[in-house]
Each structure stands twice: as structure tokens, then as C-alpha cells.
Amino acid sequence: EDQVTQSPEALRLQEGESSSLNCSYTVSGLRGLFWYRQDPGKGPEFLFTLYSAGEEKEKERLKATLTKKESFLHITAPKPEDSATYLCAVPTRAGGSYIPTFGRGTSLIVHP
Amino acid sequence: NAGVTQTPKFQVLKTGQSMTLQCAQDMNHEYMSWYRQDPGMGLRLIHYSVGAGITDQGEVPNGYNVSRSTTEDFPLRLLSAAPSQTSVYFCASSSRGLGYTFGSGTRLTVV
């Protein structure tokens with residue numbers, strides 16, 4: 001069965017303290033991996049799509065990387081405004097289509 | 001502003017009542033999906049559609065119906081509300097199944 005697992009469930013950082021979030025997946029024939037950011041009371045906001053092992057994408061203080069079994073979201077010198085829940089998702093077979101299956105997310109809090 | 005619009009934002013229902021959650025997108029996306037989000041459970045797929053007239057069930061479809069008569073709209077119907085359906089519901093749309101755009105959600109409480 002396809003599965004997406006994120007770790008840690010929660011992460012507290014001091015401002016400027018870099019760290020990484022992990023998303024491991026068990027799907028056959030990866031068709032992309034998505035990262036989203038979700039603020040409290042809002043819908044998820046799309047960040048990145050990664051398609052192949054070795055691929056990297058960056059946006060401000062965030063860098064996403066992909067291997068054959070997992071993806072990392074690296075946060076460099078985070079600021080309090082980076083506090084949010086970060087979700088990853090992979091397209092999994094649903095009927096005749098591929099629809100994103102989401103992990104449970106990592107709740108990140110960055111203290112000033 | 002282009003995007004996914006969900007209404008209402010908040011709703012309280014009594015057990016057994018029915019209602020429709022509305023979702024509309026103006027990006028001409030083929031794919032649309034409904035998810036529910038519960039504490040500790042993440043986003044779970046209820047129903048999805050890959051085009052007008054085409055719908056299918058996701059992971060947790062029981063108690064919900066959908067239809068897709070136009071590209072723009074994808075309403076979710078609760079047939080007979082139950083307390084277990086208390087959740088936050090998100091509608092999302094995508095072009096060709098790539099990065100999805102989400103609405104702001106409907107927070108539903110069933111008492």
C-alpha cells in the first residue's frame with residue numbers, strides 16, 4: 001500500500017537555527033512529490049514539485065531535495081514567519097487517475 | 001482573484017441534516033478534489049474528478065456525494081450529517097494533476 005510518512009511531527013527552532021524536515025514514501029513509479037505550507041485556519045499553499053532523484057528546488061530559505069525513498073525540506077536560518085505546518089504529498093493511484101496522498105505534516109514553530 | 005473559492009467558511013449542522021459545500025475555480029483546471037482534515041489524521045481524500053461528468057471515490061467517501069456538471073464547480077453533498085463528519089473540508093484543483101491549488105476551507109461542526 002502506498003504510504004507517505006513525515007517526521008518529526010513537531011519541531012521547535014530558534015530563529016536562525018537551520019534544520020530539515022523529512023518525507024519518506026513508498027510508492028511504485030513516483031510521479032512527483034509535492035511540498036505545501038499550511039498556516040493555521042488556511043488551506044495548504046503549494047511550494048514545490050520534485051520529479052526525479054537528485055532534483056533540488058529553492059525558495060527563499062527553503063530548499064527541497066529528493067532521493068529514491070525520501071525528500072527533505074531544508075530550512076536555512078529560519079525566521080518566525082516560517083512557522084507553519086509543512087505537508088508533503090505524492091500522487092497515488094485512485095481509480096484510473098493519480099491523486100495526491102498527503103502525509104500528516106510537520107508543525108514547525110520558530111521562536112524569535 | 002483567480003483561485004479556488006469555497007462557501008460557506010463555517011457551518012453548524014444538526015445530526016441528520018443535509019447540506020452542500022460549494023467549490024468553484026476559475027483557472028480552467030480539469031482535476032478537482034475534496035479532502036477532509038482532522039487533527040492527527042492529515043488530509044484525506046473524499047472524492048475527486050478529472051473532468052466534467054467524471055467523478056470517483058477517494059479514501060473516505062461514505063456519507064458524501066459529488067457531481068461535476070461544469071469544469072468550474074464541484075459541490076460536495078452531505079446526505080445525512082453525523083458528528084463523525086465534523087471536520088475542516090478543503091477543495092483543490094489542478095491542471096493535469098500537477099501542483100494543486102487549495103481553497104480556504106469550510107469548517108463544519110455537526111451537533
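All of these numbers come straight from a predicted model, not from anything done at the bench. Sequence lines set the chain letters: A, B, ... in the order given, protein chains first and strands last, and positions in each chain run from 1.
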Review point. Which value, rounded to the nearest 0.5 Å, describes the distance between A/Y36 atom OH and B/T101 atom OG1?
Key: 7.0 Å
Check your understanding: Same cluster or not: are B/V4 and B/Y89 linked, directly or through other Ile, Leu, Val, Met, Phe, Trp or Tyr residues, by side-chain heavy atoms under 4.5 angstrom apart?
Key -> no
Point to revise | Same cluster (ILVMFWY, side-chain, under 4.5 Å), A/L62 and A/L87 | key: no
Check your understanding: Between A/G43, A/P44, A/G32, which has the largest tally of heavy atom pairs under 4.5 Å with chain B?
Key -> A/P44
Check your understanding: Considering all heavy atoms of both residues, which atom of A/I99 and which atom of B/S33 are nearest to each other, and what is their separation?
Key -> CG2-OG, 3.9 Å
Review point. Which bit of B/Q37 is near chain A, if near means a heavy-atom gap under 4.5 Å: side chain, backbone, both or neither?
Key: side chain
Exercise for review: Answer with side chain, backbone, both or neither: which region of A/F34 has an atom nearer than 4.5 Å to a non-hydrogen atom of chain B?
Suggested key: side chain
**Study point:** Hphob cluster co-occupancy, B/Y100 + A/Y25, side-chain heavy atoms under 4.5 angstrom
**Key:** no
Review point. Same hydrophobic cluster for A/F48 and A/L66, using side-chain heavy-atom links shorter than 4.5 Å among ILVMFWY?
Key: yes
Exercise for review: For atom CZ of A/R12, decide whether the heavy atoms of other residues, nucleotides or ligands shown that lie under 6.0 angstrom number more than 12.
Suggested key: no
Review point. Is it the case that more than 12 heavy atoms not belonging to A/E9 sit under 6.0 Å from its CD atom?
Key: no
Point to revise | B/F102 vs A/F46, ring pair (Phe, Tyr, Trp, His ring centres under 6.0 Å): CA-CA, chis, key distance, verdict | key: CA-CA 8 Å; B/F102 280 78; A/F46 174 74; 10.0 Å; no
Practice item. Return yes when atom NZ of A/K57 has more than 12 non-hydrogen atoms of other residues, nucleotides or ligands closer than 6.0 Å, and no otherwise. Key: yes
Check your understanding: Rounded to the nearest 0.5 Å, how far apart are OG1 of A/T101 and CZ of B/R44?
Key -> 12.5 Å
Exercise for review: Check each atom of B/L45 against the heavy atoms of chain A and say whether the ones under 4.5 Å are side chain, backbone, both or neither.
Suggested key: side chain
Point to revise | A/R104 side chain to B/G42 backbone, donor-acceptor under 3.5 Å | key: no
Review point. Among the clusters formed by ILVMFWY side chains lying less than 4.5 Å apart, do B/V88 and A/Y86 turn up in the same one?
Key: no
Review point. Using non-hydrogen atoms only, which part of A/L47 is less than 4.5 Å away from chain B: side chain, backbone, both, or neither?
Key: neither
Exercise for review: For residues B/L43 and A/P100, determine if any side-chain heavy atom of one lies less than 4.5 Å from a side-chain heavy atom of the other.
Suggested key: no
**Study point:** Interchain contact, B/Y35 with chain A, by part (heavy-atom threshold 4.5 Å)
**Key:** side chain
